[in-house]
There are 2 protein chains.
Amino acid sequence: MLKELDPLLHSQLRLGVMSILMSVESAEFTFLKEKTSSTAGNLSVQLDKLSEAGYILVEKSFNGKKPLTTCSITKKGTKAFEEYVNALKDYIKK
Amino acid sequence: MLKELDPLLHSQLRLGVMSILMSVESAEFTFLKEKTSSTAGNLSVQLDKLSEAGYILVEKSFNGKKPLTTCSITKKGTKAFEEYVNALKDYIKK
DNA sequence: ATAATTTGGTTTATAATATAAACCAGTTTA
DNA sequence: TAAACTGGTTTATATTATAAACCAAATTAT
């Protein structure tokens, strides 16, 4: 029987964000936007969802005079990502 | 840069169906329904989509007097699945 | 015999999700 | 000082997933 795939992670953009955040200590909004080839609007919405779920931490500050949004993965997010990958393996193993 | 994930395959139910069909020669509707824990309605819709994309072959016959829907993966479907898994690997490798 | 239930689905309506377009405040550039 | 750019957010729309309603035929129960 196939396991459920965490719907919050089973989304191309959110998974991409989480994937990146798994491998760096933190990442800026613009960096995530570029790496995931997403629009700012879409990214903003999806970061909110991940943040509300407690999967990531979103910090808003200023870089001189420009707004700066920095994201990092939480412990809960790391765990969720690992469980997702585990569940997914059943789907993609041949 | 992260690759695009085939939206037709990046769906829990459709991916589950494809995953099963990758490992068997063919599977009946009721078998797929059970293995994926899906409702008949949802499964019916998703099989249509996979079929319209040419990823699976859906054959309707009769088992005695009962309708029997049998599905199998096509060459195109196999290729798409493999490409999806490949693209996905970039997302889930740590 | 006929009414209720089950099987094996399909169709249609609704809820959830993703995405894009419009917008905004502040900054820089022409 | 007006136009364009940066770094976003909000809102509207398109897409997708899901559930509910439905259907025909077969089976079971009364």
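Order of the sequence lines fixes the chain letters, A, B, ..., with proteins taken first and strands second; residue numbering starts at 1 for each chain. As the structure is a computational prediction, the values presented were derived from the model and not from experiment.
Comparing atom distances between the B:Phe29 side chain and each of D:dT18, C:dT10, D:dG8 picks out C:dT10 as nearest. Side-chain proximity of B:Ser11 to D:dG8, D:dA17, C:dG9: nearest is D:dA17. Comparing atom distances between the B:Lys49 side chain and each of D:dT18, D:dT16, C:dG9 picks out D:dT16 as nearest.
Between B:Val45 and A:Arg14, it is B:Val45 whose nearest contact on DNA chain C lies nearer the 5' terminus. Taking the nucleotide of DNA chain C with the nearest heavy atom to each of A:Ala40 and A:Lys65, the more 5' of the two is matched to A:Ala40.
Spacing between atom NE2 of B:His10 and atom P of D:dT15 amounts to 18 Å, rounded to whole angstrom units. If you take CD of A:Gln46 and P of C:dA16, they are 16 Å apart, rounded to a whole angstrom. The CG-C1' distance, from B:Asp48 to C:dT12, rounds to 13 Å in whole Å. Atom CG in A:Leu68 sits about 12 Å away from atom C1' in D:dT6, given to the nearest Å. Between the NZ atom of A:Lys60 and the P atom of D:dT6 there is a distance of 19 Å, rounded to whole Å. Distance, B:Leu9 CG to D:dT16 P: 13 Å, rounded to whole Å. Atom CG of B:Leu47 is separated from atom C1' of C:dT10 by 12 Å (rounded to the nearest Å). Going from atom CG of A:Asn63 over to atom C1' of C:dG26 covers 14 Å, rounded to whole Å.
Of the side-chain N and O atoms in A:Thr30, none sit less than 4.0 angstrom from OP1 or OP2 of D:dG7. Contact between the side-chain N/O atoms of A:Lys66 and the OP1/OP2 oxygens of C:dA25 is not found at any separation under 4.0 Å. Of the side-chain N and O atoms in B:Thr39, none sit less than 4.0 angstrom from OP1 or OP2 of D:dT18. When the side-chain nitrogen and oxygen atoms of B:Ser44 are compared with OP1 and OP2 of C:dG9, none of them lie within a distance under 4.0 Å.
Nearest heavy atom pair, residue A:Asp90 against residue B:Ser19, reads O-OG, 3.7 Å. Between A:Leu9 and A:Ala80, the closest heavy-atom pair is CD1-O, 3.4 Å.
Note: B:Ser37 OG to B:Leu43 CG = 11.0 Å, rounded to the nearest 0.5 Å.
Aromatic ring pairs are classed by plane angle as parallel below 30°, tilted from 30° to 60° and perpendicular above 60°; the pair A:His10 and A:Tyr84 is tilted.
Nucleic acid contact for A:Gln12: none, since no nucleic acid atom lies under 4.0 Å from a heavy atom of the residue. B:Ser38 comes within contact range of no nucleotide atom at all, as no heavy-atom separation falls under 4.0 Å.
Among B:Met18, B:Lys49, B:Gln46, the single residue meeting the side chain to side chain contact (heavy atoms under 4.5 Å, CB included) criterion with B:Leu13 is B:Gln46.
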